[in-house]
Amino acid sequence: MNKKIRNILKKKNKSKIVSLTAYSKNIAKILDKHIDIVLVGDSMANVLYGHKDTHKINLENIIQHTLSVKQGVSKSLLVVDMPKGSYNNFKTAEKNAKRVIKITKCDAIKIESNKKNYEIIKFLVRKKIPVMGHIGYTPQFKKKFKVEGQNKSEINKLLKEAKLIEQAGAFSIVLECLSSFAAKLITSKLKIPTIGIGSSSNCDGQILVTDDMLGISGFYPKFVKKYIKLDRIIEKAVKKYTREVKLQKFPTKKNFLNGTKFRK
Ligand code: KIV
């Protein structure tokens with residue numbers, strides 16, 4: 001097993017796992033210094049491409065962005081979301097997962113659960129492909145956003161689903177938008193780490209979409225904490241630049257090249 005994955009597994013019940021999404025090198029490089037897992041999420045469909053859901057992102061989009069992210073990641077575990085339709089059956093799943101890993105040199109892939117694809121996970125793990133699972137609100141398969149695990153029967157179903165994913169060989173699992181009761185129970189019953197998003201602090205780790213926590217996505221559900229209002233900072237810089245260009249305050253002689261060395 002990959003050493004980075006072993007280190008993630010060791011954190012269960014010891015220290016919290018910190019994860020964020022990245023779609024490009026410059027952001028990934030900043031995250032890599034501080035966090036445990038960088039996910040190239042198919043959330044790029046909404047966040048970057050402005051689609052209304054994650055369905056239109058394809059494998060080539062994911063590969064291109066991962067190639068960029070990979071350049072900024074050295075220390076963290078690099079996980080790549082398999083887009084909708086890319087793991088529908090054994091053959092397709094194996095071909096696509098191997099292609100992603102071969103081209104991008106990522107450490108693992110993530111697959112959303114549709115409550116039926118446990119055998120696909122098992123098959124991929126047998127082929128030595130590390131898989132992260134994903135239950136709860138799974139945007140590839142669910143149209144309506146809803147907090148899951150709000151009563152006993154729902155909680156038991158989610159626990160069963162999580163256990164089947166663990167048994168299939170996944171090394172960790174994302175719990176998206178689960179009640180805190182459900183997250184607590186699942187986290188206590190699984191041996192693999194749970195990574196929560198909108199699922200309370202009762203998980204082994206947390207993930208957020210980076211653009212949301214930086215305040216530049218325009219999407220801020222209750223579970224997102226905006227750690228900075230980067231949109232305002234960017235706007236301030238853009239306004240200053242605009243003013244200076246118009247007033248001919250930029251560029252100054254300091255910015256002229258005049259045959260001097262160009263920044264690498
Ligand atoms: O696509 C994504 O960014 C994700 C996270 C929200 C877990 O799947």
Side-chain angles (χ1 to χ4, degrees), residues 8 16-24 27-28 31 35-59 61-66 68-69 73 76-87 97 100 104 106-114 117 121 130-143 145-148 158 161-162 165 170-178 183 186-187 192-200 203-214 216-227:
I8 296 292
K16 294 284 183 188
I17 298 161
V18 187
S19 330
L20 282 167
T21 61
Y23 316 123
S24 65
I27 292 286
L31 306 185
I35 70 172
D36 302 302
I37 301 176
V38 173
L39 171 72
V40 182
D42 65 351
S43 51
M44 72 173 69
N46 314 90
V47 179
L48 280 190
Y49 289 91
H51 296 312
K52 69 174 192 339
D53 53 38
T54 57
H55 304 181
K56 284 205 191 98
I57 279 302
N58 61 36
L59 205 68
N61 300 134
I62 293 273
I63 288 173
Q64 282 311 310
H65 284 278
T66 308
S68 172
V69 169
V73 172
S76 321
L77 185 79
L78 178 58
V79 182
V80 174
D81 239 345
M82 294 297 285
K84 187 175 169 76
S86 68
Y87 51 95
V100 169
T104 70
C106 67
D107 300 296
I109 55 150
K110 177 163 82 60
I111 280 186
E112 288 185 15
S113 168
N114 63 359
N117 51 16
I121 297 178
V131 179
M132 176 183 270
H134 184 160
I135 66 165
Y137 180 59
T138 45
Q140 291 182 13
F141 300 109
K142 288 174 188 169
K143 277 208 175 108
F145 173 83
K146 160 182 170 292
V147 180
E148 303 206 7
L158 284 162
E161 192 181 356
I165 289 171
F171 72 90
S172 69
I173 184 166
V174 169
L175 309 182
E176 182 159 354
C177 298
L178 263 54
I186 292 169
T187 301
I192 58 171
T194 60
I195 314 288
I197 173 162
S199 300
S200 84
C203 303
D204 297 305
Q206 296 292 325
I207 186 161
L208 280 177
V209 169
T210 300
D211 294 53
D212 296 347
M213 61 85 88
L214 294 180
I216 48 170
S217 69
F219 179 72
Y220 313 117
K222 194 179 167 201
F223 63 81
V224 169
K225 178 170 171 183
K226 270 194 261 178
Y227 282 82

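Position 1 is the first residue of the sequence, and the numbers go up from there. Both ligands and their constituent atoms are indexed starting at 1 by order of listing. The analysis underlying the following values was restricted to heavy atoms, covering all of them including side chains, and did not include hydrogens, waters or symmetry mates.
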How does [X] reach ligand 1, if at all, at less than 4.0 Å between non-hydrogen atoms: by side chain, backbone, both, or neither?
X	result
Met44	neither
Thr54	neither
Asp42	both
Ile195	neither

Review point. Are more than 12 heavy atoms from other residues, nucleotides or ligands located less than 6.0 Å from atom NZ of Lys146?
Key: yes

Point to revise | Identity and separation of the nearest protein heavy atom to atom 5 (C) of ligand 1 | key: Leu39 CD2, 3.8 Å

Is a donor from one side chain sitting under 3.5 angstrom from an acceptor on the other, for [X] and [Y]?
X	Y	result
Tyr23	Thr210	no
Glu176	His134	yes
Asp212	Ser217	yes

Review point. Under a heavy-atom criterion of less than 4.0 Å, does His134 contact ligand 1?
Key: yes

Review point. Does at least one non-hydrogen atom of Glu112 fall below 4.0 angstrom from an atom of ligand 1?
Key: no

Point to revise | Flag, side chain of Gln140 to backbone of Met82, donor-acceptor distance under 3.5 Å | key: yes

Check your understanding: Heavy-atom distance under 4.5 Å between the side chains of Asp42 and Glu112, does that happen here?
Key -> yes

Study note, to complete from the structure: Note: ligand 1 atoms sitting under 4.0 Å from heavy atoms of Ile197 are 6 (C)

Point to revise | Interfacing atoms of ligand 1 (cut-off 4.0 Å, heavy-atom, Thr21) | key: 3 (O)

Study note, to complete from the structure: Taking every heavy atom of Asp53 against every heavy atom of His55, the minimum-distance pair comes out as OD1-N, 3.0 Å

